[in-house]
Amino acid sequence: MNKQKPQQSHIQITVRFVEKRNGKKDVFDARKILSSLNHLTHDDRLIRRTNALVLAQIAGYSQIDTQTIRQLITSTLTQLDHPELAKRYSEYHPSNPKNASFKQLSFFNL
């Protein structure tokens with residue numbers, strides 16, 4: 001369940017907890033989003049831009065679920081005109097990260 005804090009005048013990450021699929025709460029770690037994006041592509045500019053936009057969208061929440069974060073990343077990648085990366089990200093299942101891997105796509109590695 002997502003809980004939003006009152007409107008703020010500037011962007012400040014206030015997310016403290018992430019609710020996992022199994023219902024357990026974990027401490028929010030923004031580095032996990034960055035890590036997922038780094039596994040998805042080597043395009044540093046796209047990684048930074050996507051990360052910043054996603055964090056800005058969740059800035060006002062004190063608690064958010066993992067599915068919402070995944071949807072925000074997917075929709076942000078699509079809005080940034082990278083539907084192929086959005087599709088790869090949505091197909092990735094972090095419940096088994098050792099056996100799952102992204103096919104890394106980058107304009108730098110063509």
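For the numbers below, each heavy atom of this structure counts, side chains included, while hydrogens, waters and symmetry mates do not. Computed from a predicted model, the values in this text were never measured in an experiment. Position 1 is the first residue of the sequence; numbering continues from there.
- Note that CG of Asp65 is 11.5 Å distant from CZ of Arg70, once rounded to the nearest 0.5 Å.
- Side-chain contact between Leu80 and Leu53 is present, with heavy atoms from C-beta onward closer than 4.5 Å.
- In summary, of the residues considered (Arg21, Glu19, Lys32), a side-chain contact (heavy atoms from CB on, under 4.5 Å) with Thr66 occurs for Arg21 alone.
- Under the 4.5 Å side-chain heavy-atom criterion for ILVMFWY residues, no single connected hydrophobic cluster contains both Ile58 and Phe17.
- Here the straight-line distance linking atom CD of Glu91 with atom OG1 of Thr74 works out to 10.0 Å at 0.5 Å rounding.
- You'll find the side chain of His82 stays beyond 4.5 Å of the side chain of Thr50, heavy atoms only.
- Evaluated for a side-chain contact (heavy atoms from CB on, under 4.5 Å) with Leu40, the options Ile73, Leu46, Ile47, Leu85 yield exactly one hit, Leu85.
- In this structure Asp29 satisfies the salt bridge (Lys or Arg N to Asp or Glu O under 4.0 Å) test together with Arg31, sequence neighbours excluded.
- Note that CZ of Arg49 and CD of Gln79 are 10.5 Å apart. Values are rounded to the nearest 0.5 Å.
- Between the NZ atom of Lys87 and the OG1 atom of Thr78 there is a distance of 12.0 Å, given to the nearest 0.5 Å.
- We find the OH-CD1 distance between Tyr61 and Ile69 to be 11.0 Å, quoted to the nearest 0.5 Å.
- Nearest heavy atoms, Asp43 versus Thr41: N-OG1, 3.1 Å.
- Separating the CD atom in Gln57 from the CD1 atom in Ile64 is a distance of 9.0 Å, to the nearest 0.5 Å.
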